[in-house]
Number of protein chains: 2
Amino acid sequence: MSDKKIQVEEQRFKDYLASRGLKYTPERRTIFWRVFATHKHFEAEDLLLGLRQNHQRVSKATIYRTLTLLVKSGHLREVIFGEKHSHYEHVHANEHHDHLICSGCGKIIEFTDEAIERLQDKVCLRYKFESESHRMQIHGLCADCRK
Amino acid sequence: MSDKKIQVEEQRFKDYLASRGLKYTPERRTIFWRVFATHKHFEAEDLLLGLRQNHQRVSKATIYRTLTLLVKSGHLREVIFGEKHSHYEHVHANEHHDHLICSGCGKIIEFTDEAIERLQDKVCLRYKFESESHRMQIHGLCADCRK
DNA sequence: CTCGATGCAAAGTATTTGCACCTAT
DNA sequence: ATAGGTGCAAATACTTTGCATCGAG
């Protein structure tokens, strides 16, 4: 994502906060920019370490509190990959993807498949179920690890 | 599942244990039968409470240790429904199903869809990925909760 | 009789919360 | 000025582990 686009997102975040009387503090800005500085999935711990290496010290509590806000504001999505802690990824409008998770090297490959999306909608219809979100994960070995 | 079938599974479990020099203790038998006495998804805590109500006291540690064994022996499958703790379900040979999870009442609806399964295989081919297992979950509102 | 199993309590992980002090608005 | 935010340490929730004792094979 370009800096330009990140700034647009940042404004959306500021607006979100302002609209409910919350504040855009230096800590929140620091976390916001670190989160959008990378495009990989990450965990709370990764974020903490990344900030430390940049000599930007923010407490664990604030990181968790801010991640929660970023999920509520629609900037992040929480994903659980069979582990007991959360992973986060950016939300990109109009794009849904699923994951292939390699049990060999831990690599996470994203893919999109329109046909699967449509079939999921059909399943919902069949059960009169109103879908809010969905996720699909395939665990196995990636091409490299199969060799 | 009929008692007859459960006994067959129990034998498989005994064999599994025997084959690696492990023992079929009264505690393990107690847990085994409770696990197969119901067909719903359950959590470690449910199991503990269920046993308590039956005046069968088994320690939490043993429950966790035995659940791990039942997963390894292929009797149970571990599923995570967006919460941070595990849910378990029986493994039935040759049957794979996915889940609709109602965010209103917490109900979990199982469904199978052959077309989706086939498309998942195609995705794996596309990425030269060797699938070991997969799961799909759709979160939303069930028919009852939509009213 | 022996090695694995059990219960308990303590230790781990990942995350949340209470509180006194601080600061963006 | 004041409601909301921060860091810290303690609390929580779920699960695992160390250890002394027990019991299945």
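Proteins come first, then strands; the chains are lettered A, B, ... in the order of their sequence lines, and each starts at number 1.
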Looking at the side chain of [X], which of [options] is the nearest nucleotide?
| X | options | value |
| --- | --- | --- |
| B/Y64 | D/dC14, D/dT6, D/dG5 | D/dC14 |
| A/K23 | D/dG7, D/dG25, D/dG4 | D/dG4 |
| A/R28 | D/dG7, D/dA3, D/dT6 | D/dT6 |

Distance-only donor-acceptor test, A/R65 side-chain atoms vs D/dG4 base atoms, 3.5 Å
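Counting by modelled atom types and ignoring angles, no donor-acceptor contact under 3.5 Å is found here.
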With the threshold set at 4.0 Å, does a side-chain nitrogen-carboxylate oxygen contact exist between [X] and [Y]?
| X | Y | value |
| --- | --- | --- |
| A/E114 | A/R118 | yes |
| B/K40 | B/E89 | no |
| A/R126 | B/D113 | yes |
| A/E132 | A/R77 | no |

Name the residue closer to the 5' end of DNA chain C, choosing between A/T25 and A/S86 according to the nucleotide with the nearest heavy atom.
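The residue closer to the strand's 5' end, by nearest nucleotide, is A/S86.
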Using heavy atoms to find the nearest nucleotide of DNA chain C for B/A61 and B/R20 separately, return the residue whose nucleotide is more 5′.
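Nearest-nucleotide comparison on DNA chain C picks B/R20.
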In whole angstrom, give the distance that lies between atom [atom1] of [X] and atom [atom2] of [N].
| X | N | atom1 | atom2 | value |
| --- | --- | --- | --- | --- |
| A/L69 | D/dG4 | CG | P | 13 Å |
| B/D46 | D/dC14 | CG | P | 11 Å |
| B/E27 | D/dC22 | CD | P | 13 Å |

When you compare the side chains of B/Q137 and A/H134, does any donor N or O come within less than 3.5 Å of an acceptor on the partner?
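Judged by distance alone, the side chains do not pair up.
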Using the benzene-type ring in the case of Trp, are the ring centres of B/H97 and B/H92 under 6.0 Å apart?
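No - the distance between ring centres of B/H97 and B/H92 does not fall below the 6.0 Å cut-off.
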Nucleotide range of DNA chain C lying under 4.0 Å from chain B heavy atoms:
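With heavy atoms of chain B under 4.0 Å away, the range is C/dC3 to C/dT15.
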